[in-house]
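Proteins come first, then strands; the chains are lettered A, B, ... in the order of their sequence lines, and each starts at number 1. What you see below is based on every heavy atom in this structure, not just the backbone, and it leaves out hydrogens, waters and symmetry mates.
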Amino acid sequence: MSMLETRLPGLEMKNPIMPASGCFGFGREYASFYDLSVLGSIMVKATTPEPRFGNATPRVAETSAGMLNAIGLQNPGLKKVMEEELPFLETYKLPIIANVAGGGAEDYVQVAKELSTVKNVGALELNISCPNVKHGGIAFGVDPVVAADLTKKVKEVSEVPVYVKLSPNVSNIVEMAKAIEQAGADGLTMINTLMGMRLDLKTGTPVLANKTGGLSGPAIKPVAIRMIYEVSQQVNIPIIGMGGVTNAEDVLEFLYAGASAVAVGTANFVDPFVCPTIIEELPEVLQRYGYDHVSECIGRSWKKHESVAGYRA
Amino acid sequence: MSMLETRLPGLEMKNPIMPASGCFGFGREYASFYDLSVLGSIMVKATTPEPRFGNATPRVAETSAGMLNAIGLQNPGLKKVMEEELPFLETYKLPIIANVAGGGAEDYVQVAKELSTVKNVGALELNISCPNVKHGGIAFGVDPVVAADLTKKVKEVSEVPVYVKLSPNVSNIVEMAKAIEQAGADGLTMINTLMGMRLDLKTGTPVLANKTGGLSGPAIKPVAIRMIYEVSQQVNIPIIGMGGVTNAEDVLEFLYAGASAVAVGTANFVDPFVCPTIIEELPEVLQRYGYDHVSECIGRSWKKHESVAGYRA
Amino acid sequence: MIQKEMMRVISHEPIARHIYALTLEGALVTEMNEPGQFVHLRVNDQYNPVLRRPISIANIDQIREQFTMIYRAEGLGTKLLSEKAVGEHVDVLGPLGNGFPVEASSEGETAILVGGGIGVPPLYELSQQLVAKGVKVVHVLGFQSAPDVFYEEKFMKLGETYVATVDGTYGTKGFVTDIIEQKQLSFDQMYACGPVPMLRALEGNYHDRAPLYLSLEQRMGCGVGACFACVCPVEEGSTAYKKVCSDGPVFKAGEVLL
Amino acid sequence: MIQKEMMRVISHEPIARHIYALTLEGALVTEMNEPGQFVHLRVNDQYNPVLRRPISIANIDQIREQFTMIYRAEGLGTKLLSEKAVGEHVDVLGPLGNGFPVEASSEGETAILVGGGIGVPPLYELSQQLVAKGVKVVHVLGFQSAPDVFYEEKFMKLGETYVATVDGTYGTKGFVTDIIEQKQLSFDQMYACGPVPMLRALEGNYHDRAPLYLSLEQRMGCGVGACFACVCPVEEGSTAYKKVCSDGPVFKAGEVLL
Ligand SMILES: Cc1cc2nc3c(=O)[nH]c(=O)nc-3n(C[C@H](O)[C@H](O)[C@H](O)COP(=O)(O)OP(=O)(O)OC[C@H]3O[C@@H](n4cnc5c(N)ncnc54)[C@H](O)[C@@H]3O)c2cc1C
Ligand SMILES: Cc1cc2nc3c(=O)[nH]c(=O)nc-3n(C[C@H](O)[C@H](O)[C@H](O)COP(=O)(O)OP(=O)(O)OC[C@H]3O[C@@H](n4cnc5c(N)ncnc54)[C@H](O)[C@@H]3O)c2cc1C
Ligand SMILES: Cc1cc2nc3c(=O)[nH]c(=O)nc-3n(C[C@H](O)[C@H](O)[C@H](O)COP(=O)(O)O)c2cc1C
Ligand SMILES: Cc1cc2nc3c(=O)[nH]c(=O)nc-3n(C[C@H](O)[C@H](O)[C@H](O)COP(=O)(O)O)c2cc1C
Ligand code: FES
Ligand code: FES
């Protein structure tokens with residue numbers, strides 16, 4: 001078995017590395033850079049029942065070691081995703097994680113039901129945490145009762161395992177995670193973006209047309225690590241971690257925190273080859289720190305292990 | 001009147017710039033770099049009834065465009081602060097903001113009562129949001145009812161205006177702010193640090209002895225701006241803003257968002273002269289963007305103004 | 001095929017106020033042929049700034065495998081870029097997008113090239129390619145003020161060239177549209193790149209008169225079509241859109257809403 | 001008085017595996033006199049890395065107004081530092097802290113200086129000052145492996161010098177304590193800088209034998225005593241503490257808990 005092979009509910013993966021939803025479209029663009037089959041999986045762009053234009057532009061703004069986005073779930077709609085986007089990805093040998101979004105519970109149920117029937121969709125990711133849509137979205141992501149209820153409804157109709165994507169914009173992430181686990185989720189993905197804002201110095205007004213946006217990139221990594229560390233100790237379902245990953249060392253940190261696989265978002269924009277580069281470098285990094293398989297790193301920050309002595313001379 | 005003069009409850013200030021609590025001790029160290037009288041105010045280190053040693057070391061860790069700290073409210077205790085630290089600052093002509101902390105409500109009440117009688121203390125800042133102490137602290141910061149109750153109790157005993165420092169680690173910052181305003185707070189200070197964590201690649205365990213720590217620095221600025229933008233539109237008490245400020249342009253952004261004054265934390269470690277530098281540069285920056293006085297910038301992001309046309313050729 | 005390369009700095013010089021000309025060398029140049037395409041630059045190997053910076057290709061030299069960009073050093077990214085010394089390397093992704101349709105102009109026709117500020121650079125490669133084809137080119141270039149003017153002489157070598165400055169410190173006082181009106185310039189095609197207000201004015205005035213191609217700017221994330229940061233609506237109230245990075249940056253007037 | 005200065009790089013060279021010697025010039029040098037003090041360096045003018053890096057002063061040249069540091073390029077900050085070229089400037093805050101008490105040794109006495117890895121550098125200035133005073137110095141330097149050894153010759157010029165490497169590829173195989181035992185070295189004072197396990201061993205073995213001064217490391221925020229990042233407890237169960245940055249980095253053995 002390879003050092004990287006990773007099995008999670010619905011996902012038999014060559015490695016634990018995948019692009020994060022919204023940062024890789026439906027794969028087409030990056031397919032011109034490299035063979036997508038090297039990836040563990042792909043978390044494709046959020047899909048809603050109908051096509052959505054999303055927010056006005058500007059939709060992105062830069063911040064220190066991070067960026068804000070307020071795309072607003074632009075997507076071609078369920079029909080086109082099923083007929084064109086997902087079939088395109090069939091050429092590549094990997095399970096797809098389909099990101100499900102909508103304005104209300106019935107949207108999620110409809111999209112989940114249909115997408116879960118598509119051949120190469122290995123799992124669903126419920127995007128209950130997108131801070132950039134005005135209705136639905138965010139409300140699901142901060143109320144454990146509502147989130148649990150939605151999870152149950154989607155589990156009833158989905159033919160593949162369901163992962164729920166957690167918002168970091170909450171007082172108590174463990175409470176959210178537990179409620180969602182109890183509602184039957186097969187896994188968690190975390191974290192989505194932190195709500196943030198930038199103001200234009202000249203006009204005084206928000207840089208983003210949507211005013212607020214989601215903060216991603218290296219800036220949020222410590223928040224992601226902390227939340228995964230807390231949640232992974234309290235739930236028994238796997239976590240796909242994300243938030244500021246840019247290299248193989250970052251992947252290790254997420255695994256240590258308690259993630260079983262790791263997604264890369266913003267870094268794809270900086271280096272379109274970041275995912276294959278991480279996959280290539282990961283075995284060597286694992287070896288350097290004394291691991292024979294990625295799974296040995298999972299939860300190492302809190303599981304009982306012998307501590308590695310450090311002597312610096 | 002100077003371009004920078006700023007009046008807030010309890011605080012008649014030459015300018016709206018002050019070091020943030022915990023990043024400037026009780027001023028002694030920075031007094032060897034410059035005359036502290038140039039500052040608008042100083043938010044001194046948190047004070048608890050008894051001396052506290054705080055957490056084990058390491059207490060700081062670096063992150064992308066930010067840092068984590070878990071000092072654990074180390075301080076010499078109320079008696080020494082009243083007898084030695086605050087009197088030392090009397091040499092300088094400026095009102096002090098005394099940061100009040102403790103393990104339970106009675107601690108806050110005791111410290112607030114005493115500190116508010118000290119001559120050069122212009123206002124109190126209730127630190128209900130420190131993520132680094134195990135008891136009390138954080139619990140106050142995430143529950144609006146508890147926070148409001150504490151605010152009331154402190155208001156009853158304080159002889160100076162009371163500002164309450166908000167934690168960003170909450171689902172609904174506006175709800176917190178409103179509860180605290182209704183409880184009688186004279187102002188808000190925000191934001192405290194985001195809870196974060198870093199893991200050591202070699203050992204797999206947290207870099208900080210306390211495991212989690214508070215994230216500060218430029219990385220968190222977009223979160224601070226967003227929260228101040230949201231809160232300032234919903235409350236009628238002034239806000240002292242902070243979170244990643246490093247220069248005069250950042251100050252402008254915080255004022256635009258709705259802050260009436262701005263505190264500088266982490267940046268003091270990078271450049272001990274950062275506060276006087278900002279104070280020196282602020283008038284020119286204000287002028288460059290067309291303002292005659294700092295107060296004109298406050299809340300510009302959401303107040304109705306004519307928008308400044310931008311033409312870029 | 002889009003690719004990524006660490007390209008070598010061959011020359012790097014200030015040519016006007018805050019404006020630099022940067023020439024890079026590398027195999028990627030062989031992929032460059034359309035004027036109006038852009039490259040996406042990473043200015044250091046940290047993640048601060050996080051995003052790449054889109055900059056137009058201003059001149060392509062296939063023989064030397066070199067290309068030139070002209071950019072304004074304004075914010076964090078472009079200021080860091082301006083510190084690159086000869087011999088250092090710059091991380092280039094590209095060429096990206098679809099450029100100006102040189103094929104839209106035929107030998108003997110007259111094309112007018114209208115540029116505003118740092119919208120001027122891509123017109124230089126365009127002009128050369130049009131001239132090479134036997135097209136007569138007329139350049140109308142707008143700048144803020146005298147110290148901002150660049151490349152006037154280079155454009156003059158290719159064809160008639162008019163310069164306007166907003167404050168009148170150089171050339172005609174006013175906007176590019178003032179020149180076109182005053183000089184009663186006639187043309188078979190118009191190619192333009194510059195700030196949106198300028199493009200809107202051109203579209204309003206000349207859309208019916210001749211084919212008009214506009215190069216747009218938009219804040220970008222990926223630069224390759226994956227993130228939906230850079231979309232333009234195609235018509236009011238529809239979900240139809242175009243991406244500036246991969247469908248543009250050059251569009252036919254009317255193709256997208258300005 | 002502590003101050004801040006942009007100091008000029010006079011020389012900057014690798015002297016062992018990942019180890020660089022960096023000499024800077026500027027008026028701040030006039031403030032430097034205590035061996036064991038450190039400077040706090042900012043490696044670029046961005047906020048990434050955010051924090052300064054504490055590095056010991058290894059050599060002071062008052063006549064030229066220059067001082068030298070020796071550091072290991074390991075993480076982000078020190079790697080960026082290692083890219084500084086001669087003629088560039090480095091933002092220096094310092095000198096900070098309290099160094100080794102040269103006055104503790106008198107003419108004719110023997111001082112042993114024990115260094116581990118990048119704990120060795122401050123001992124070089126210390127040794128020179130002791131020698132200048134007529135103190136006999138003995139150096140015991142520990143490194144991981146042969147490629148990590150530096151400054152052996154320079155120390156040899158000042159006094160007896162023993163080198164240990166953990167893997168035995170150079171000098172004696174083992175730790176500094178092994179050398180002290182094997183050679184039965186005797187001394188009137190001991191000065192040490194290196195990793196905590198080494199300092200602990202020295203404190204355990206020699207605390208009663210002679211005055212022992214230890215230079216500690218601790219993760220720092222401000223470096224000037226304001227943030228309480230770098231504290232050491234003074235005794236078990238008390239709230240008493242010392243700050244490494246402003247009370248240290250050199251402490252008398254027993255003054256703080258290791
Ligand atoms: C297709 C295209 C071609 C361009 N060609 C040129 C050129 O040839 N010469 C030139 O000087 N400029 C050109 N620009 C504009 C150039 O991209 C911006 O000036 C530059 O990105 C600003 O970066 P900064 O580091 O100076 O600013 P910062 O303020 O640090 O930028 C912050 C963020 O905003 C983005 N941004 C800021 N201004 C613009 C803008 N006008 N357009 C798009 N994104 C922006 C940046 O890319 C970055 O993501 C072009 C833009 C596009 C979209
Ligand atoms: C008083 C004092 C004197 C020192 N003198 C020297 C010297 O002369 N030569 C030398 O090579 N090193 C010295 N060090 C250690 C040096 O400060 C660290 O190796 C350096 O800060 C690591 O930075 P980095 O960018 O390589 O690592 P990173 O991993 O990027 O550092 C991350 C953060 O951790 C801190 N950090 C990491 N390791 C240490 C450490 N061992 N001690 C303190 N902080 C650390 C950094 O300062 C930074 O804040 C000294 C430390 C102290 C406290
Ligand atoms: C431009 C952009 C678009 C995004 N769109 C989505 C989305 O459609 N669905 C979703 O669940 N998350 C979306 N995200 C969040 C990312 O999947 C990821 O959770 C977040 O960006 C943190 O990871 P990063 O720091 O590696 O980018 C988006 C992020 C960015 C930057
Ligand atoms: C080392 C350190 C210690 C701090 N101690 C305190 C404290 O005692 N009381 C408090 O209210 N805030 C404390 N803070 C939070 C700061 O006052 C400030 O709210 C936060 O750091 C955000 O601002 P910055 O990004 O400018 O640092 C501390 C921050 C740091 C970095
Ligand atoms: S910039 Fe990402 S789609 Fe255009
Ligand atoms: S580093 Fe701040 S007190 Fe020592």
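With Y256(B) as the fixed residue, the side-chain contact (heavy atoms from CB on, under 4.5 Å) test singles out one of T203(A), T205(A), L201(A): L201(A). Among L199(A), V207(A), T63(A), the one residue that satisfies the side-chain contact (heavy atoms from CB on, under 4.5 Å) test with P222(B) is T63(A).
Two residues are said to be in side-chain contact when any heavy atoms from C-beta on lie closer than 4.5 Å; K221(B) and R198(A) fail this criterion. Side chains of K211(A) and W302(B) form no contact here, defined as non-hydrogen atoms less than 4.5 Å apart. When side chains are defined from C-beta on, M227(B) does not count as touching M195(A), because their heavy atoms never get closer than 4.5 Å. Residues N169(A) and R226(B) form a side-chain contact, since some pair of their non-hydrogen atoms from C-beta on lies under 4.5 Å apart.
Both the backbone and the side chain of I225(A) come within less than 4.5 Å of a heavy atom of chain B.
Ranked by heavy-atom pairs under 4.5 Å with chain A, the first of P218(B), G196(B), P168(B) is G196(B). The choice from G217(B), A65(B), S171(B), A61(B) that makes the most heavy-atom pairs within less than 4.5 Å of chain A is S171(B). Comparing N172(A), L215(A), L252(A) by how many heavy-atom pairs each has under 4.5 Å with chain B, the most go to L215(A).
Around the CD atom of Q233(B), the shell of radius 6.0 Å holds more than 12 heavy atoms that belong to other residues, nucleotides or ligands.
The minimum heavy-atom distance between M197(B) and E253(A), with the atom names listed, is O-OE2, 4.2 Å.
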